[in-house]
There are 2 protein chains.
Amino acid sequence: MGPMGDMTEPRWLTDEEQRTWRAYLHATTLLEDHLDRQLQRDAGMPHVYYGLLVQLSQAPRRRLRMTELARSAKITRSRLSHAIARLEKNGWVVRENCPSDKRGQFARLTDDGMDVLRRTAPGHVTAVRQAMFDRLSPEQMTQLGEIMRVMAEGLEPSGPDADLPWLR
Amino acid sequence: MGPMGDMTEPRWLTDEEQRTWRAYLHATTLLEDHLDRQLQRDAGMPHVYYGLLVQLSQAPRRRLRMTELARSAKITRSRLSHAIARLEKNGWVVRENCPSDKRGQFARLTDDGMDVLRRTAPGHVTAVRQAMFDRLSPEQMTQLGEIMRVMAEGLEPSGPDADLPWLR
DNA sequence: GACTCGTTCTTGAAAGTTGAACTACATAGG
DNA sequence: CCTATGTAGTTCAACTTTCAAGAACGAGTC
């Protein structure tokens, strides 16, 4: 019997799988910490908030419905509500009512928000480059893209019982 | 002139780099959310806390110095202090004084903590498998390991001015 | 219309994290 | 010994995230 007592023995990770998993955790944790710090220093907001501004900047009329924005950022609507409230205080985003659905809200990027983005984007790109693309070979970059797409797909099932953040 | 005004034009990401970066953000965000939720439900703690118990379970005498634990978990000592305080309340960890350095503290995994780990490890391994190893080919797993090691290395420079979480 | 059910988004409290300040001890140099 | 400087860990306040409601509207049915 294994560590599970009377349950069936689970398939543990092999040594190489464990090493890969550890490396994944280390790299992702360090990178997120690094970017959070870089952006907090240079842009005055955490990485997730910055990502929201980026999404908005690329949307038509620089605005998105809340749920849509939550979906593209992979976060819950609750989290987004708080985040937008904070960004609105900074004057980087404003809320707008949706005419076709009175429950709906748009988040729109203001000119000030666009300015912050313009000012800080180069530094951020540099940080991402230094951490990732400057270190990987072109083959590795392609491989990483493929791998991450496979993982992301598996994590957002299309079924009606899917537990996705922006549907919670 | 570029978006930087009078500054030198930064090297923006190519289309493929952007796609890879997006995929990376999506996959890592979704996975962290998924594991946090799985462990909160099944083990009553977030993923990082679970990782701390795992580290302790593999250390000699099931204990580690605070800073050492912070280093292996890639987090700040402040964050660790709070986390250990919470885990101590649950009875899964105890603090012990270090005899050779009166400033030092050990965090030691209790038997209860070990039990929680034994109970919940199989479910966690399954979750990790389903998200990652069941979807990747053996080649991809090897590639991912290599890539993550390269990134992690770049993010923990050895210099004396390195801004690493556990030194803050 | 009235009723039900689902969707959209927000709120408030609890939990977790961060950064700076702080205590206590260690180490090195005079 | 004494002082200066560094290290180990904690604490406080401000901030962010989560979770469990809840308010408001839409859509379908009778």
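Labels below follow one simple rule: chain letters A, B, ... track the order of the sequence lines, proteins then strands, and each chain is numbered from 1.
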Given C:dT10, D:dC19, D:dT16, the nucleotide with the shortest approach to the side chain of B:Gln40: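 Among the listed nucleotides, the one closest to the side chain of B:Gln40 is D:dC19.
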Given D:dG9, D:dT16, C:dG16, the nucleotide with the shortest approach to the side chain of B:Arg95: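 Of the options given, the side chain of B:Arg95 lies nearest D:dG9.
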Backbone N/O of B:Trp92 and side chain of B:Thr110: donor-acceptor pair under 3.5 Å: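 Side chain of B:Thr110 to backbone of B:Trp92, a donor-acceptor pair under 3.5 Å: yes, one is there.
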- prompt: Take atom CD in B:Glu153; do more than 12 heavy atoms of anything else shown fall under 6.0 Å from it?
  reply: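 Count not over threshold, so no.
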In whole angstrom, what separates [X]'s [atom1] from [N]'s [atom2]?
| X | N | atom1 | atom2 | answer |
| --- | --- | --- | --- | --- |
| A:Arg77 | D:dT17 | CZ | P | 17 Å |
| A:Arg103 | C:dT7 | CZ | C1' | 4 Å |
| A:Asp33 | C:dG16 | CG | P | 19 Å |
| A:Leu52 | D:dT16 | CG | C1' | 13 Å |
| A:Asp163 | D:dT18 | CG | P | 12 Å |
| B:Lys102 | D:dA8 | NZ | P | 17 Å |
| A:His82 | D:dT18 | NE2 | P | 10 Å |
| A:Met66 | C:dT10 | CE | C1' | 9 Å |

- prompt: Closer to the 5' end of DNA chain D via nearest nucleotide, is it A:Gly44 or A:Asp101?
  reply: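 In this pair, the answer is A:Gly44.
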Minimum-distance pair of heavy atoms, taken over all atoms of [X] and [Y]:
| X | Y | result |
| --- | --- | --- |
| B:Pro99 | B:Phe106 | CD-CE1, 4.3 Å |
| A:Leu80 | A:Ala70 | CD2-N, 3.6 Å |
| A:Arg168 | A:Arg77 | O-NH2, 3.1 Å |

Comparing B:Arg168 and B:Ser100 on DNA chain C - which has the more 5′ nearest nucleotide: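 Taking each residue's closest nucleotide, the earlier one in sequence belongs to B:Arg168.
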Nearest-nucleotide comparison on DNA chain C, the residue closer to the 5′ end among A:Ala85 and A:Asp36: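 On the 5' side of the pair lies A:Ala85.
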task: Describe, in one word, how the ring planes of B:Phe133 and A:Trp21 are oriented to each other, choosing from parallel (under 30°), tilted (30 to 60°) and perpendicular (over 60°).
output: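 B:Phe133 and A:Trp21: perpendicular rings.
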- prompt: Distance check: side-chain N/O of B:Arg65 vs OP1/OP2 of D:dA8, anything under 4.0 Å?
  reply: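 Checking D:dA8 against B:Arg65, no side-chain N or O comes under 4.0 Å of OP1 or OP2.
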query: When you check the phosphate oxygens OP1 and OP2 of D:dT18, does a side-chain N or O of B:Arg37 lie under 4.0 Å from one of them?
result: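 For D:dT18, neither OP1 nor OP2 has a side-chain N or O of B:Arg37 closer than 4.0 Å.
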query: What stems, by residue range, does DNA chain C take part in, given at least 3 consecutive Watson-Crick or G-U pairs under 3.5 Å?
result: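 Listed by first number, the stems are C:1-30 with D:1-30.
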message: Suppose we call a contact any N or O donor and acceptor under 3.5 Å apart; does that hold for the side chain of A:Thr67 and the base of C:dC9?
response: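 Not at all, since no donor on one side and acceptor on the other fall under 3.5 Å apart.
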Quiz item: A:Ser78 side-chain donor-acceptor pair to C:dT11 base, under 3.5 Å: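 A donor-acceptor contact between them is present.
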